[in-house]
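Scroll down for the structure; my scribbles are underneath it.
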Amino acid sequence: MPTRELVSRDVRRLALDGGEVDYVLVRRRGRRGVGLKVDEEGLTVSAPSTMPLSRIEELARESERWILRKIAEWSGRKVAPAQFREGERLQFLGGGLALRLATASRMRVERRDGELFVVTRAAQPEEVRRAVVRWYKRMAHEYLGDRLLALAHAARLAPPALVISSAMGRWGSCSTHREVRLAWRLMKAPADLVDYVICHELAHLRHMNHSGAFWAEVERQCPDYRQRRARLYATDHLYRSF
């Protein structure tokens, strides 16, 4: 069987009639056709190293109904969307924050103990949502950046570049350019589940696949990864309310 040498592994966005979908594009020398896979981590498209991107995405769009159906199966557990009202509970690192609203000319967001104080000009839900999301993204840059650095050091890996993403169905990804993308919505998950996702992506720095060697590396970094992964799959819908 010919060897299919990995050329690149990058995160891209596919425009479908049913909406945009983030996917991982894996290019290999020796591959002849385009393959699609949807699992708990989202859509992966495998393609020959020389095939133009436009042709790859054209072929992927021919399977749009299948892609959207499979993604829906994986992320079909629904949760009521956040309303951004006074007293509403928001997930944060596995705990809850009570939303407290106020109005003033200077907008700000501040966490105090178990409450998130959001000051906006009119306290309208959409205005509050934007302020809350900005705050979560800022926290993600700080917290996820610190954990990525610490866990890379523990794994004896040079720290990769970090990009905070807004992906809804993929908590993390790693490219051949040593770039780790982590979804800011991970800030809603318990800290040990966040660490599992980071260890998973760090393992890709040594194995750009999901081979036995890859999972052995995940286990080396995170010995109870199976339990953490199962908990993440069972609760991840709770982190998509906004």
First locate atom [atom1] of [X], then atom [atom2] of [Y], and finally report the distance between them rounded to the nearest 0.5 Å.
| X | Y | atom1 | atom2 | answer |
| --- | --- | --- | --- | --- |
| K188 | L97 | NZ | CG | 11.5 Å |
| R156 | R206 | CZ | CZ | 9.0 Å |
| Q221 | H200 | CD | NE2 | 10.5 Å |
| R147 | I198 | CZ | CD1 | 6.5 Å |

Taking the six-membered ring of W215 (Phe, Tyr or Trp), confirm whether the NZ or CZ of R229 is under 6.0 Å from its centre and within 45° of its axis.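 Yes.
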Same hydrophobic cluster for [X] and [Y], using side-chain heavy-atom links shorter than 4.5 Å among ILVMFWY?
| X | Y | result |
| --- | --- | --- |
| Y233 | L182 | yes |
| L238 | V197 | yes |
| L53 | I67 | yes |
| V26 | L205 | no |
| F117 | V128 | no |

Please test V119 against V109 for side chain to side chain contact (heavy atoms under 4.5 Å, CB included), starting from the C-alpha separation and ending with a verdict. CA-CA 6 Å; V119 180; V109 181; over 6 Å; no
Heavy-atom donor-acceptor pair, [X] side chain to [Y] backbone, under 3.5 Å:
| X | Y | answer |
| --- | --- | --- |
| R138 | V133 | no |
| R9 | C174 | yes |
| E115 | D113 | no |
| R28 | E5 | no |
| R178 | A158 | yes |

Can we say [X] and [Y] salt-bridge, meaning some charged N sits less than 4.0 Å from an Asp/Glu carboxylate O?
| X | Y | result |
| --- | --- | --- |
| D236 | R185 | no |
| E88 | R85 | no |
| R61 | E58 | no |
| D22 | R12 | no |
| E126 | R129 | yes |

Using only heavy-atom distances, determine whether the side chains of E57 and Y23 contain a donor-acceptor pair under 3.5 Å.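 Side-chain D/A pair, E57 to Y23: present.
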Go through the steps for R31 and S46 under the test side chain to side chain contact (heavy atoms under 4.5 Å, CB included), then give the verdict. CA-CA 8 Å; R31 186 179 179 94; S46 300; 3.7 Å; yes
Working note: W171 + L193, criterion side chain to side chain contact (heavy atoms under 4.5 Å, CB included); need CA distance, chi angles, decisive distance, verdict. CA-CA 11 Å; W171 298 122; L193 302 190; over 6 Å; no
Quick one: which of P159, P160, C222 gives a side chain to side chain contact (heavy atoms under 4.5 Å, CB included) with L202?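 The side chain to side chain contact (heavy atoms under 4.5 Å, CB included) with L202 is passed solely by P160 among P159, P160, C222.
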Out of V11, T44, V180, which residue meets the side chain to side chain contact (heavy atoms under 4.5 Å, CB included) rule with S173?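 In the set V11, T44, V180, the residue that makes a side chain to side chain contact (heavy atoms under 4.5 Å, CB included) with S173 is V11.
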Heavy atoms of other groups near D224 CG, more than 12 under 6.0 Å: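 Counting other residues, nucleotides and ligands, CG of D224 exceeds 12 neighbours.
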State whether the number of non-hydrogen atoms from other residues, nucleotides or ligands found under 6.0 Å of R108 atom CZ is greater than 12.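 For R108, atom CZ is not crowded (no more than 12 foreign heavy atoms under 6.0 Å).
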Are F214 and H204 close enough that their ring centers fall under 6.0 Å?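 F214 vs H204: aromatic centres under 6.0 Å.
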Is the Y239 to W184 ring centre distance short of 6.0 Å?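 Ring centres of W184 and Y239 not closer than 6.0 Å.
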Given W66 and V38, is the side chain to side chain contact (heavy atoms under 4.5 Å, CB included) satisfied, shown in steps? CA-CA 9 Å; W66 179 86; V38 177; 3.8 Å; yes
Can R226 and E219 be said to form a salt bridge (charged side-chain N to carboxylate O under 4.0 Å, His left out), step by step? CA-CA 8 Å; R226 292 179 181 85; E219 188 169 23; 3.2 Å; yes
Before you tell me yes or no, could you show the steps for D192 and R231 under salt bridge (charged side-chain N to carboxylate O under 4.0 Å, His left out), namely the whole-Å CA-CA distance, both residues' side-chain angles and the distance that decides it to 0.1 Å? CA-CA 10 Å; D192 63 329; R231 285 171 50 216; 2.5 Å; yes
Working for salt bridge (charged side-chain N to carboxylate O under 4.0 Å, His left out), residues E86 and R100: CA-CA 5 Å; E86 172 69 27; R100 300 301 179 203; 3.1 Å; yes
